[in-house]
Amino acid sequence: MTYKSTAALSLLLFVSAFVRAQDSVATSVAYELSAETAVGTGRYTAFQLASNRYHALSVRPNTAMMRAAVTARHDFGHGLTAQAVVDAIGSVHADHRAYLQQCYVSLSYDAFFIEAGSREIQPALRHEQLSSGSFVLGTNAKPVPQVRVGTHGFWNIPFTREWLQVSLDCGYGRFGDSDYHEDMFRRAPGVNSVYATQVLYHQKYLYFRTNPTKRFFFIAGMDHAVQFGGTGYSKVDGKMVGKKKPSGLKAMFNVFLPFGDGDYYKKDNMEDWIYGNHVGMMTVQLGWNIDRDHLLQAYLDNPFEDGSGIRKGNGADGLWGLQYTNKTQGVQPVREVVAEYFQTTNQSGPLHWDSRDFPEPLSSQVNDYVTGADDYYNHLFYDGYSSYGMTIGNPLIASPIYNKDGYTAFRDNRVKAWHLGVSGELSPHLSYLLKGSYREGWGTYHAPLPVRHHSFDAMLQGQYSHGPWRLSAAYAFDKGNIYGDCSTFNIKIGFHGKIL
């Protein structure tokens, strides 16, 4: 068993032994079983089926998997609860054959929690099924094992008369894909010049929301994530040389508040001017309760990787969206609609330089600097903001796993994309989900694409539920020169029940 699951499984066994000694009325144990297959033509499983699913379904075509999860929960009373989850997947013709997708324990008091292990974390604001995804903390990659503290959703701030609420999350962990990066480097040594192992991870978000029951309400906040620590390997005079990054308490503080090093230009290794590979997003969102049953929300997620993005020097870059929700009881043919425009072409301009980097006499005569060429998700030391080749953020920036030559960074992060998602019910037991995206890509500022990339990706899924049974069938396809022409049929059957 890997390090990712050992600690969490030990805690699970402890919690299980403890709850057995408690009143069975306050203890529940549930399970969920499922089998799924995706078959079709093309180089990959169609994009809309494989993306934003925590990398549970392989991007390889003609794959199948079985999944089993057990959840134990105990209520101690007075708002205190404990929960432990083990969720395992076994796949054939897949990116990973057998592994623990989730394995964690958590302790909650009222709206607050502390948790340890690997968990599929739902996005704080964006719709998990209909949105194209969050720029920072998306649902596209496998969970990163970490220790987290935060709130379950939004919590009413005392003494504000429920006028102001807060949602927060903060965690530290470690990536589990060191072997993957070593293997990819060995497979494509002429393409990949660096790789990093034992990389640490920190993520957090903080959102404030006014009372969502009022006619108008407002949400504002920030997401932030960073890769730090670890050991980076590169070739020096034909030999592999490793360099360790700081990973102690000081490094954890430095990445929590990334002020950077004002004297970085005096040092030989200028990549250390700020610690780690930082990815961030600032959000503003306006909600309008049209009436009791209809809600419309508009939002902008503004990406940043340094101060230029925070100052909105990146032009129209961001995720611009509208979300409609029908809260009417009963069957609704249109339950929710999400329409989004995603742009990352500006990146604060194509240039990045500081006059202090120049040799004398220029450095003393020129006092200007330009902080552009943000190169979203990429980094000289950590390669890219991904886990096992899948971007942790928005998958409309094509993940490195799709690079045919094994390159482990992002080749096409300057994109424009349009996305639509619709869901609804046709009967009390039958629902549907429709998604489609069209995107264009121009490569990166450092390596523009000679031919513009484009792709149209769509999916239609029907879901039937009756008692403990869940059945879904879907068809998805890709057209374009990013993933090629792919066509995939997907069938999934699931059953859930209780042991206690």
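Note that the structure is a prediction, hence the values are computed from the model and not measured.
- Ionic pairing of D374 and R414 is not present here: no N-O contact between side-chain nitrogen and carboxylate oxygen is shorter than 4.0 angstrom.
- A pairwise comparison of heavy atoms in P303 and N314 identifies O-ND2, 2.8 Å as the closest pair.
- A salt bridge links R439 with D412: at least one charged nitrogen is closer than 4.0 Å to a carboxylate oxygen.
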From CA spacing to verdict: side chain to side chain donor-acceptor pair (under 3.5 Å), Q83, Y104: CA-CA 8 Å; Q83 179 173 281; Y104 66 89; 3.3 Å; yes

L125/T283 under side chain to side chain contact (heavy atoms under 4.5 Å, CB included): CA gap, chis, key distance, verdict: CA-CA 10 Å; L125 298 178; T283 292; 3.9 Å; yes

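- A donor and an acceptor atom, one from each side chain of Y99 and K142, are located under 3.5 Å apart.
- Within the structure, every pair that satisfies the salt bridge (charged side-chain N to carboxylate O under 4.0 Å, His left out) test and touches residues 452-471, not counting sequence neighbours, is listed here: E440-R452.
- Closest of all the heavy-atom pairs between P143 and S118 is CB-OG, 3.4 Å.
- One distance of note links OG of S472 with CG of N490; it measures 6.0 Å at 0.5 Å rounding.
- Distance CZ/R148 to OG/S106: 9.0 Å, rounded to 0.5 Å.
- Every residue two or more places apart in sequence or in another chain was checked for a ring pair (Phe, Tyr, Trp, His ring centres under 6.0 Å) with F342, and none qualifies.
- For L200 against S247, the heavy-atom pair with the smallest separation is CD1-CB, 3.5 Å.
- In terms of the side-chain hydrogen bond (donor to acceptor under 3.5 Å, both in side chains) criterion, K416 has no residue partners (sequence neighbours excluded).
- Shown here are the salt bridge (Lys or Arg N to Asp or Glu O under 4.0 Å) partners of R126, two or more places apart in sequence or in another chain: D301.
- Taking a 6.0 Å sphere around NZ of K498, one finds it holds 12 or fewer heavy atoms contributed by other residues, nucleotides or ligands.
- In this structure H429 satisfies the side chain to side chain contact (heavy atoms under 4.5 Å, CB included) test together with S427, Y464, H466, sequence neighbours excluded.
- With sequence neighbours excluded, the residues forming a ring pair (Phe, Tyr, Trp, His ring centres under 6.0 Å) with F47 are Y483, listed by chain and number.
- Taking CZ of R73 as the reference point, atom OG of S28 lies at 6.5 Å (rounded to 0.5 Å).
- With 3.5 Å as the limit, one finds a donor-acceptor pair spanning the side chains of S437 and H419.
- In this structure, the side-chain hydrogen bond (donor to acceptor under 3.5 Å, both in side chains) partners of T408, at least two apart in sequence or on a different chain, are N192, D383.
- In plain terms, the two heavy atoms of A316 and Q343 that are nearest each other are CB-NE2, 3.7 Å.
- Proximity of the aromatic rings of F456 and Y438 is defined here by a centroid distance below 6.0 angstrom, and this criterion is not met.
- More than 12 non-hydrogen atoms from other residues, nucleotides or ligands lie less than 6.0 angstrom from CD1 of I499.
- Qualifying side-chain hydrogen bond (donor to acceptor under 3.5 Å, both in side chains) partners for D478, counting only residues two or more places apart in sequence or in other chains: none.
- N413 and Q347 are linked by a side-chain donor-acceptor pair at a separation below 3.5 angstrom, with hydrogens and angles left out of the test.
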H453 vs V451, side chain to side chain contact (heavy atoms under 4.5 Å, CB included): CA-CA, chis, key distance, verdict: CA-CA 6 Å; H453 276 181; V451 178; 5.7 Å; no

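- Side-chain contact annotation: Q122 with T139, donor-acceptor N/O pair under 3.5 Å absent.
- For the side-chain hydrogen bond (donor to acceptor under 3.5 Å, both in side chains) with N277, the lone residue among Q227, E305, H379 that qualifies is Q227.
- With hydrogens and angles left out, the side-chain atoms of S487 and Y475 include a donor and acceptor closer than 3.5 Å.
- The stretch residues 48-70 participates, sequence neighbours left out, in these salt bridge (charged side-chain N to carboxylate O under 4.0 Å, His left out) pairs: E36-R53, R60-D95, R67-D87, R67-E120.
- Here Y299 pairs with E340 under the side-chain hydrogen bond (donor to acceptor under 3.5 Å, both in side chains) rule; sequence neighbours left out.
- For W442, the ring pair (Phe, Tyr, Trp, His ring centres under 6.0 Å) test picks out no residue, with sequence neighbours left out.
- Under the ring pair (Phe, Tyr, Trp, His ring centres under 6.0 Å) criterion, F113 pairs with H152, not counting sequence neighbours.
- A donor-acceptor contact under 3.5 angstrom links the side chains of T231 and K244, judged on distance only.
- In this structure, K245 fails the cation-pi test against F228, since its NZ or CZ atom is not both closer than 6.0 Å to the six-membered ring centre and inside 45 degrees of the ring normal.
- In this structure, the separation between CG on L206 and CE on M222 is 9.0 Å, given to the nearest 0.5 Å.
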Worked check of ring-ring contact (aromatic ring centres under 6.0 Å, His included) between F410 and Y376: CA-CA 8 Å; F410 292 83; Y376 294 154; over 10 Å; no

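- Between the side chains of N378 and D375, at least one donor-acceptor pair of N or O atoms lies under 3.5 Å.
- At a cut-off of 3.5 Å, with distance as the only test, a side-chain donor of H127 or E336 sits close to an acceptor on the other residue.
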